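Indexing begins at 1, ligand by ligand and atom by atom, following the structure's order. Only heavy atoms go into these numbers, but all of them, side chains included; no hydrogens, no water, no symmetry mates. Everything quoted here is computed from the prediction, not taken from an experiment.
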Amino acid sequence: MLGEAVGLSRFDARRADSLSALVGRQEEIDLLLRRWNQAKSGAGRVVLISGEPGIGKSRIVESVLTRLEDEQHSRLRYYCSPHHAHSALYPLIVQLERAADFEPGSSADARIDRLEALLAPATKNLTRDVALIAELLGVPSDGRYPALAISPQEKREMTLNALLNQLSAGTVQTPGLIVVEDAHWIDPTSLDLLDAIAARAANLPLLLLVTIRPEFQPSWIGQPHVTLLPLGRLGRSDSAGIIDDVAGGKPLPEPVVEQILSRADGIPLFVEELTRMLIEQELLREASDSEGLEGSRRSLAIPATLQASLAARLDLLGAVKDVASIGASIGREFSYELIAAISALPPVDLDAALERLTASGLVSRRGSPPQASYTFKHALVQDAAYVAMLRSRRQQLHADIANTLIESFPALAETQPEIVALHFDEAGRVREATDHWIKAGRLAHARWANREAANFFERGLRCLATLPQTRDTMEQAIDLRFDLKTSLFPLGQFARIVGYLREAEALARDLDDPGRLCLASVHMCQTLSLSGHPQDAVKFGRDAHRLAEQLGELSHRISASLFLGLACFSTLHYGESESHYLNVLELLDGDARLRQFSLAGFPAVTAHGFLARIYADQGKFARGIAHGEEGIRLAEAVDHPYSLGIVSWCFADLLASRGELNRAVVVLERGLAVAREWNLPFLVAGNSGSLGHAYALLGRTAEGLPLMEQALRVFEKMGHRFAQALFLSPLGEAYLLAGRQADALRAAGQALTLARENGQRSGEAAALRLLGEASSGGSSPDQAEGHFRAALALADELDLRPLAARCRHGLGKFYLKAGCPDQARDELVAAATMYREMEMRFWLVQAEAELSGLPDSLLHGSHNPV
Ligand SMILES: Nc1ncnc2c1ncn2[C@@H]1O[C@H](COP(=O)(O)OP(=O)(O)O)[C@@H](O)[C@H]1O
Ligand SMILES: [Mg+2]
């Protein structure tokens, strides 16, 4: 079990010496204890303890933990830190390392043993989870466990799941208490996990306490099991209580107390520190008086701010202050080993300085040297020690820290390059900082921590911009922008990507570098296709394709063809699109079909999927089905969730447009399950949206509509305008089937606008047909004919045969209603003939039923007997 033994928290470490007695806060603590009692019974609770720094958030948590010490429960604590606000899963990694309690210098094997013991009680798949967690902690597990052959994204999901299960497993035997300190500094991946555990808490015997500064607003505020507990400042008598406690047996003169109360204004940290400072100042003065020193008789100087009072306390430490400054440059927490490597002091003096610092209460110690680690009492104390230094001294220290990390702490430098980067950056060592930011970004991306990765790459870019422009730095500046594209793409940040790619393109032109220019165009083509600019995408795609052919590089040729195929598909250059996808399949002869080329999906699978869609729109169903089935087979063979998700969606759309709805449902339900299992938001939306449409066509509109509406919301949020336009017409059709005329008209109108803006002409035709359907039953039937005719003209022009058939079908029904049986018969017969040719039985049956309602005389007079 991951839980901690009592005696490991920051407060525990200093409880004995410097924790003042708690004053006030009775109501807050009562509330927390009530929440605990509710949580224990299975209705879990989340409490956000919110307030400015130094107000007493951590102190309240500490009191609650102390009160619960005699109760059976499991306990987990996480600390977030500003240095690590972008290091994926940092608080969890630290907690795991602490819980595993690795012996210093122990072998990888011994560490794996520890991890096994730690994780075993709460996992169903020990081998897998140990492998995942070992990798997270940078413990080599090769040889003992086979490497997991899965993508970074899959690994991220599995790791988060393993952690989440460990977190909730703690509550199986006894109720659980999880504390997350300073969540305003949480990294994005840990926040995902926190979101998940906060949601799960509602149904577990679990109390989740999260301390935050008020600017942090998690998404779960406002849910019924979540309480926001804002901490106000202390009242006078409570503040006076702290002063008394700190002063101990020696009460301060009334006017001094008065001054402290008015300056510190109810912030406990301020009260505490101001009091301590004044006492220490007084002690110094007494000492100097008794030695009869001249000139030391100063009046009591009372700092006006919390920062100034902390600075004053550090000043009183004299030479020890420098050790505090080194520590502060390292972080809120620093190890003895690291500070010893950096400080110029002889070991005896260093030890003495650290002892004094600890005795002052400004820093607490855990363990004993050389294994000791030190923590600043408060983040503001660290800040004060940090800003007390001159800039040049700070830079020197940061450079020393970075170099020491690389030389003496290689494991840490490898697993957290961002920390090395941060120190080089602060040291003004831009070259080294850039390299380490890039390293950190790539490592984060490899763990699918894309928000973290993008942050690191952007910091690298900022450093790079200050270096002289040479061929090297320019090449690096281009590649960094490609890295940024790779991390931002899964986040759907298309506008930002386009900005970076334009810069990359310009740089590649300046450098006259065809390879990088080709890649810039490939990325641009892909991004623009999906974000609703297919016309521009086609231009970039053609450039990319031409350059790739000239260069003859296989991976460039594959990706250029693939994305140009997509762009041409969206703009209805079907012939061109088809030829590019076929080209991909040709290039990927034999075993190459099983290669991924660092693309999201296996290119051969994607090509099969899109060929299925192209043939579906053209009504060449047999050919499309062959590609769809082959794509599914291949995705299964490579066992790749993203590929399976994308081809399921494409293939099922073909089946649905042919009217094979039950089969489409089977394919989509599987695609959706895979996409959900692997948390692939784009494919969850795609498969569930199409599934909703299939349900609606089968008459299950109540199930179908919410799926489609949700999918659209996701696409909208992602900026996937292509997919949005694709789904609006089917949504309108579903509204119509549910008898919601007005909603259908609205969806059709939106579909038309978006398709026209995007230049998606098939979307435009589909939207026009829907407008026809929606208005023929509504208040403006006279407009229906025009819409159907416009849709039909476009469908004929673009050779979209299934859509043309459905336009004629719609027209036929319209004429029936309008009392024009002759015209109705012609259109319905034409529709039925096309349906029959394309084997679209689902609609053929409907068209035939409508025809059979016509008078015999009309039918027999027809030139197209049914
Ligand atoms: N109610 C209180 N009674 C006594 N001391 C307190 C109280 N609240 C805070 N303190 C002290 O003030 C300091 C800052 O409190 P802390 O909980 O660390 O602040 P926060 O976590 O809100 O930044 C700590 O040293 C703490 O012991
Ligand atoms: Mg705190």
Quiz prompt | Ion pair D322/R393, N-O distance below 4.0 Å | solution = yes
Quiz item: So between D238, L231, L269, whose heavy atom ends up nearest atom 12 (O) of ligand 1?
Solution: L269
Self-check item: Under-4.0 Å heavy-atom contact with ligand 1, by part of S58 that carries it
Solution: both
Quiz item: Does E426 pair with R391 as a salt bridge, N-O distance under 4.0 Å?
Solution: no
Quiz item: Which one of S239, P268, A379 has a non-hydrogen atom at the shortest distance from atom 9 (C) of ligand 1?
Solution: P268
Practice problem: Return yes when at least one N/O/S atom of T211 is nearer than 2.8 Å to the Mg ion (ligand 2), and no when none is. | Solution: no
Quiz item: Of all the atoms in ligand 1, which lie at a distance below 4.0 Å from a heavy atom belonging to V23?
Solution: 1 (N), 2 (C), 3 (N), 4 (C)
Quiz prompt | Mutual orientation of the aromatic rings belonging to H86 and F456 [parallel < 30°, tilted 30-60°, perpendicular > 60°] | solution = perpendicular
Practice problem: Please confirm whether I242 comes within less than 3.5 Å of ligand 1 when only nitrogen or oxygen atoms on both sides are compared. | Solution: no
Quiz prompt | Pair S87, E418: side-chain N/O donor-acceptor within cut-off below 3.5 Å | solution = yes
Quiz item: Within a reach of under 6.0 Å around CD of E103, are more than 12 heavy atoms found that belong to other residues, nucleotides or ligands?
Solution: no
Quiz item: In terms of heavy-atom contacts, does CD of Q72 have more than 12 from other residues, nucleotides or ligands at under 6.0 Å?
Solution: no
Quiz item: Which of the atoms in ligand 1, numbered in the order shown and given with their element, are less than 4.0 Å from a heavy-atom of K377?
Solution: 25 (O)
Quiz item: G56 heavy atoms, cut-off 4.0 Å: which ligand 1 atoms fall inside?
Solution: 8 (N), 9 (C), 15 (O), 16 (P), 17 (O), 19 (O), 20 (P), 22 (O)
Quiz item: Between E28 and R59, is there a side-chain N and carboxylate O pair less than 4.0 Å apart?
Solution: no
Exercise. Pick one of side chain, backbone, both or neither for how E62 approaches ligand 1, counting any non-hydrogen atom pair under 4.0 Å.
Key: neither
Quiz item: Would you say G54 touches ligand 1, if touching means a heavy atom closer than 4.0 Å?
Solution: yes
Practice problem: Inspect the contact between K57 and E181 and indicate whether a charged nitrogen and a carboxylate oxygen are less than 4.0 angstrom apart. | Solution: no
Quiz item: Relative to atom 23 (O) of ligand 1, which among H378, R59, E52, Q26 owns the nearest non-hydrogen atom?
Solution: H378
Quiz item: Judging by distance only, is a nitrogen or oxygen of L234 under 3.5 angstrom from one on ligand 1?
Solution: no
Self-check item: Under 3.5 Å donor-acceptor, R114 side chain and D101 backbone
Solution: yes
Quiz item: Is ligand 1 under 4.0 Å from a heavy atom in the side chain of R25, in the backbone, in both, or in neither?
Solution: side chain
Exercise. Give the atoms of ligand 1, by number and element, whose distance to some non-hydrogen atom of K57 is under 4.0 Å.
Key: 17 (O), 19 (O), 20 (P), 21 (O), 22 (O), 23 (O)
Practice problem: State whether the shortest distance between N or O atoms of P53 and N or O atoms of ligand 1 falls below 3.5 angstrom. | Solution: no
Practice problem: Show your working on salt bridge (Lys or Arg N to Asp or Glu O under 4.0 Å) between R156 and E452 and close with a plain yes or no. | Solution: CA-CA 13 Å; R156 175 188 189 269; E452 290 89 337; over 6 Å; no
Quiz item: So which bit of A21 gets within less than 4.0 Å of ligand 1, heavy atoms only: side chain, backbone, both or neither?
Solution: backbone
